[in-house]
Protein chains: 2
Amino acid sequence: MFASQDPDPRLAAARTAPHPCASWPDNGQGIRDTIDRVGDKWSILVIGILGSGPLRFGALYEQVPGISQRMLTLTLRHLERDGLVTRTSYPEMPPRVEYALTPLGEGMRETAYAFVQWATDHNPEIEAARLAYDTRTTR
Amino acid sequence: MFASQDPDPRLAAARTAPHPCASWPDNGQGIRDTIDRVGDKWSILVIGILGSGPLRFGALYEQVPGISQRMLTLTLRHLERDGLVTRTSYPEMPPRVEYALTPLGEGMRETAYAFVQWATDHNPEIEAARLAYDTRTTR
DNA sequence: CTGGATCCTCGTTGATACTG
DNA sequence: CAGTATCAACGAGGATCCAG
């Protein structure tokens with residue numbers, strides 16, 4: 001599959017010994033899910049908001065602009081399943097449910113924060129690059 | 001470029017404080033796109049791989065397991081548009097096109113690496129939480 | 001108040017075939 | 001080799017209604 005034939009010796013070299021770190025530590029296995037959890041539309045927002053302290057469903061619903069009830073429910077379920085968020089329901093009338101970050105979730109939040117920070121800092125460059133690209137290809 | 005921009009001392013404080021603000025610095029605007037770029041299925045993989053050095057389309061195609069030509073093309077276009085990757089085509093026969101990380105892309109890679117590292121380190125905990133959750137709800 | 005159940009739409013992806 | 005074009009399929013996400 002790999003060693004069958006190699007017209008270009010550079011390809012063989014590139015495949016066998018490129019650099020110490022050819023890619024990510026994991027690459028393509030379980031990490032995918034964790035990244036997806038952060039990459040999905042709402043999770044990071046929820047985690048960011050919960051970083052300031054526990055909140056009820058309704059409060060969360062108000063603080064995440066544009067989310068639907070369904071998506072908020074699903075997002076919270078996923079986060080709970082992954083051990084990032086705890087769900088505490090108080091059997092009262094009317095029902096009250098509070099969501100809070102676990103220590104694991106707090107760690108995730110801090111790590112994600114670093115990336116958000118980077119994205120914020122470099123957003124101007126990225127926007128500029130997009131503008132340049134668009135004008136270049138449109139013209 | 002890094003140390004010069006800090007007009008507001010509160011921002012610096014907000015970065016180090018445990019519970020700085022209600023949410024992320026940006027929240028809901030342009031950052032979304034950047035996060036989406038990382039969150040999408042292939043971009044991080046491509047960026048990670050390109051971290052070891054420039055590669056041709058075909059080599060990339062081989063190193064990303066399961067990607068389709070179309071998706072690789074689209075992913076590279078997006079990354080190029082955002083100024084994270086450069087595309088250099090050599091007018092030869094057969095055609096040769098090389099993709100490489102820009103400095104911006106390299107910065108993105110490093111920042112993302114921190115997160116991937118976290119995800120790798122804590123994957124066991126997350127998997128355990130999932131298992132616990134599933135058995136709890138299934139039983 | 002919280003959130004489960006349904007329906008429906010739209011975007012993203014993959015397979016395939018074709019071109020410079 | 002490095003794409004582009006086209007089409008079909010799938011699934012995430014939104015709207016709405018209903019229930020504990």
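Just so it is clear: chains get the letters A, B, ... in the order the sequence lines come, proteins before strands, and each one is counted from 1. Since we're looking at a predicted model, the values are computed, not measured.
- Taking every heavy atom of residues 77-87 of chain B and every atom of DNA chain D, pairs under 4.0 Å involve B:R77, B:R87, by number.
- The distance between atom CG of B:L74 and atom P of D:dA5, rounded to the nearest whole Å, is 11 Å.
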Practice task
Evaluate the side chain to side chain contact (heavy atoms under 4.5 Å, CB included) criterion for residues B:L79 and B:T75: first the C-alpha distance (whole Å), next the side-chain angles of each, then the deciding distance (0.1 Å), finally the verdict.
Solution key: CA-CA 6 Å; B:L79 294 175; B:T75 302; 4.0 Å; yes
Problem - Residues B:N123, B:T120; criterion side-chain hydrogen bond (donor to acceptor under 3.5 Å, both in side chains); working and verdict - result: CA-CA 5 Å; B:N123 203 34; B:T120 305; over 6 Å; no
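- Between A:W42 and D:dG14 there is a side-chain N or O to OP1 or OP2 distance below 4.0 Å.
- Within the 4.0 Å cut-off from OP1 or OP2 of D:dG11, not a single side-chain nitrogen or oxygen of B:K41 is found.
- Within 4.0 Å of A:Y99, counting heavy atoms only, lie sugar-phosphate atoms of the nucleic acid but no base atom.
- Counting only heavy atoms from C-beta on, A:M71 has its side chain closest to D:dG13 among D:dG13, C:dC1, C:dG14.
- Taking atom CG on A:L55 and atom C1' on C:dT2, their separation rounds to 15 Å, with Å as the unit.
- Going from atom CG of B:L84 over to atom OG1 of B:T34 covers 8.0 Å, rounded to the nearest 0.5 Å.
- Here C:dA15 presents its C1' atom at 16 Å from CG of B:L72, a figure rounded to the nearest Å.
- Each of A:P95 and A:D40 has a nearest nucleotide on DNA chain D; the 5'-most of these lies closest to A:D40.
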Exercise for the section: Starting from the C-alpha separation in whole Å, work towards a yes-or-no answer on side chain to side chain contact (heavy atoms under 4.5 Å, CB included) for A:L72 and A:F57. Expected result: CA-CA 8 Å; A:L72 181 53; A:F57 185 88; 3.8 Å; yes
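- For the pair A:K41 and A:L45, the tightest heavy-atom approach, listed with the atom from each and the gap, is O-CD1, 4.1 Å.
- Under 4.0 angstrom from either OP1 or OP2 of C:dG4 there lies no side-chain N or O belonging to A:R70.
- Spacing between atom CZ of A:F57 and atom P of D:dG20 amounts to 18 Å, rounded to whole angstrom units.
- In this structure, A:I67 places its CD1 atom 12 Å from P of D:dA15, rounding to the nearest Å.
- Side chain of B:Q69, nearest nucleotide from D:dG13, D:dA2, D:dT6: D:dA2.
- Checking side-chain atoms of A:S43 against main-chain N and O of A:R37 turns up a donor-acceptor pair under 3.5 Å.
- Scanning all heavy atoms of the two residues, the minimum distance from B:G105 to B:I47 falls at O-CG2, 4.3 Å.
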